[in-house]
Trainee: 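Shown below is the structure under consideration.
The chain is numbered in sequence order, starting from 1.
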Amino acid sequence: FMDQILLLYENDYKSIKTVLNELKEACRARLIFMADQSGQVISSVGEITNLDLPTLTSLTAGAFAANLRVGEILGGEKFITLTSEGGMASLQLSLVRDRFILGVVFDTRTTLGLIRLKMTKAVKQLEEIFDGIIDKIEKEKQTFGGMESPFPEITEEDIDKLFGDL
């Protein structure tokens with residue numbers, strides 16, 4: 001699962017978006033985002049005007065990767081959260097299923113304690129959603145006889161006939 005590209009069904013995406021919206025409301029955050037560890041945006045809710053979200057998620061993915069490495073150096077413990085506090089805006093990141101990053105951008109309208117409390121619940125909900133996605137992927141693999149191809153009915157012989165001696 002870790003090496004696979006994530007393909008979300010519409011209902012999975014809506015479930016993720018619901019969790020993000022609930023988190024945003026519960027902790028009065030400015031922006032909530034979900035990204036994979038490469039920084040690719042999965043979903044976001046909140047204030048994104050004048051904000052380069054892909055750059056933000058790429059930079060936070062790099063910061064989180066460094067944070068994980070620091071944890072390894074300091075005794076092999078996996079650091080699963082990262083906090084960056086500023087005067088006007090702060091950021092709390094949390095690892096979800098060792099592959100995804102949940103980010104909360106917040107300001108003085110809320111507290112770090114509230115953010116952490118509400119994120120713990122959201123992470124559990126997101127883990128359940130991603131467990132369901134993993135189950136679907138496994139079932140689809142079994143349906144296609146373990147083949148990775150999205151077109152299992154096409155054989156290598158069919159491809160050779162189609163492209164000939166190119």
Trainee: How long is the gap from CD1 on I32 to CG on L20, to the nearest 0.5 Å?
Mentor: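 These two atoms lie 7.0 Å from each other.
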Trainee: Looking at I129, is its backbone amide N or carbonyl O close enough to the side chain of D12 to form a donor-acceptor pair, meaning the two atoms are under 3.5 Å apart?
Mentor: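 Not confirmed, D12 side chain does not pair with I129 backbone.
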Trainee: Is there a donor-acceptor pair closer than 3.5 Å between any side-chain N or O of S90 and the backbone N or O of E85?
Mentor: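 Not at all, since once roles are kept as given, no pair shorter than 3.5 Å links the two residues.
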Trainee: Taking the side chain as C-beta and beyond, is there a heavy-atom pair between M34 and T57 under 4.5 Å?
Mentor: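 Result no, sub-4.5 Å side-chain heavy-atom pair not found.
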Trainee: Are there more than 12 heavy atoms of other residues, nucleotides or ligands under 6.0 Å from atom CG of L91?
Mentor: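 Atom CG in L91 is packed in, count exceeds 12.
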Trainee: If you define the side chain from C-beta out and look only at heavy atoms, does anything of L114 sit under 4.5 Å from F106?
Mentor: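 No; the side chains remain at least 4.5 Å from each other.
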Trainee: Please report the closest heavy-atom contact between L93 and I101, naming both atoms and the distance.
Mentor: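 Closest approach of L93 to I101, heavy atoms only: CD2-CG2, 3.9 Å.
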Trainee: Tell me whether K17 contacts the main-chain N or O of S44 through its side chain, where contact means a donor paired with an acceptor under 3.5 Å.
Mentor: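 Here the side-chain-to-backbone pair exists.
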Trainee: Give a yes or no on whether the backbone of C27 and the side-chain of T110 come within a donor-acceptor separation of less than 3.5 Å.
Mentor: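 Here the side-chain-to-backbone pair exists.
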Trainee: In plain terms, say whether R69 and E72 are close enough for a salt bridge, that is, a side-chain N and a carboxylate O under 4.0 Å apart.
Mentor: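 Counted as a salt bridge, because a side-chain N and a carboxylate O are separated by less than 4.0 Å.
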Trainee: For the pair L23 and K121, evaluate side-chain contact (heavy atoms from CB on, under 4.5 Å) and give the outcome as yes or no after the intermediate values.
Mentor: CA-CA 9 Å; L23 179 59; K121 178 184 175 192; over 6 Å; no
Trainee: Linking I/L/V/M/F/W/Y whenever any side-chain heavy atoms sit under 4.5 Å apart, do L56 and L59 land together?
Mentor: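 No, no single cluster joins them.
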Trainee: Could you state the interatomic distance from CD (E127) to CZ (F100), rounded to the nearest 0.5 Å?
Mentor: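 Going from the CD atom of E127 to the CZ atom of F100 covers 11.0 Å.
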Trainee: How long is the span from the CZ atom in F64 to the OG atom in S94, to the nearest 0.5 Å?
Mentor: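 These two atoms lie 6.0 Å from each other.
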Trainee: Can you tell me if K124 has over 12 outside heavy atoms packed within less than 6.0 Å of its NZ?
Mentor: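 No - once you tally the heavy atoms of other residues, nucleotides and ligands closer than 6.0 Å, there are 12 at most.
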Trainee: CG of L82 to CG of L68: how many Å apart, nearest 0.5 Å?
Mentor: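 One finds 9.0 Å between CG of L82 and CG of L68.
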Trainee: If you round to the nearest 0.5 Å, how far is CG of L102 from OG1 of T81?
Mentor: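 Between T81 OG1 and L102 CG, I get 11.5 Å after rounding to 0.5 Å.
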Trainee: Apply salt bridge (Lys or Arg N to Asp or Glu O under 4.0 Å) to residues E10 and K14 and explain how you reach the verdict.
Mentor: CA-CA 6 Å; E10 185 176 355; K14 286 180 180 177; 3.3 Å; yes
Trainee: If we ignore angles and hydrogens, is there a donor and acceptor under 3.5 Å between the side chains of R116 and T83?
Mentor: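 Distance-only check passes for R116 and T83.
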Trainee: For residues K78 and D98, determine if any side-chain heavy atom of one lies less than 4.5 Å from a side-chain heavy atom of the other.
Mentor: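 Sidechains of D98 and K78: in contact.
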Trainee: Do you know which of R109, R28, K24 makes salt bridge (Lys or Arg N to Asp or Glu O under 4.0 Å) with E47?
Mentor: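 It is R109, the one option of R109, R28, K24 that forms the salt bridge (Lys or Arg N to Asp or Glu O under 4.0 Å) with E47.
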Trainee: First locate atom CD1 of I16, then atom CD1 of I42, and finally report the distance between them rounded to the nearest 0.5 Å.
Mentor: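 Rounded to the nearest 0.5 Å, the CD1-CD1 separation comes out at 6.0 Å.
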Trainee: Going only through I, L, V, M, F, W and Y residues with side-chain contacts under 4.5 Å, is there a path from V96 to L117?
Mentor: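 No, separate clusters.
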Trainee: Check whether I115 and F79 end up in the same hydrophobic cluster, where Ile, Leu, Val, Met, Phe, Trp and Tyr are linked by side-chain heavy atoms less than 4.5 Å apart.
Mentor: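 Different clusters: I115 never reaches F79 through Ile, Leu, Val, Met, Phe, Trp or Tyr contacts under 4.5 Å.
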Trainee: Check whether any side-chain heavy atom of K118 sits under 4.5 Å from a side-chain heavy atom of E22, and report yes or no.
Mentor: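 Contact flag for K118/E22 side chains = no.
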Trainee: If every non-hydrogen atom of S38 is compared with every non-hydrogen atom of A61, which pair is closest and at what distance?
Mentor: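 Nearest heavy atoms, S38 then A61: C-CB, 4.0 Å.
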Trainee: Could you check if a side-chain atom of F33 sits within less than 4.5 angstrom of a side-chain atom of V104, using non-hydrogen atoms only?
Mentor: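 They are not in side-chain contact.
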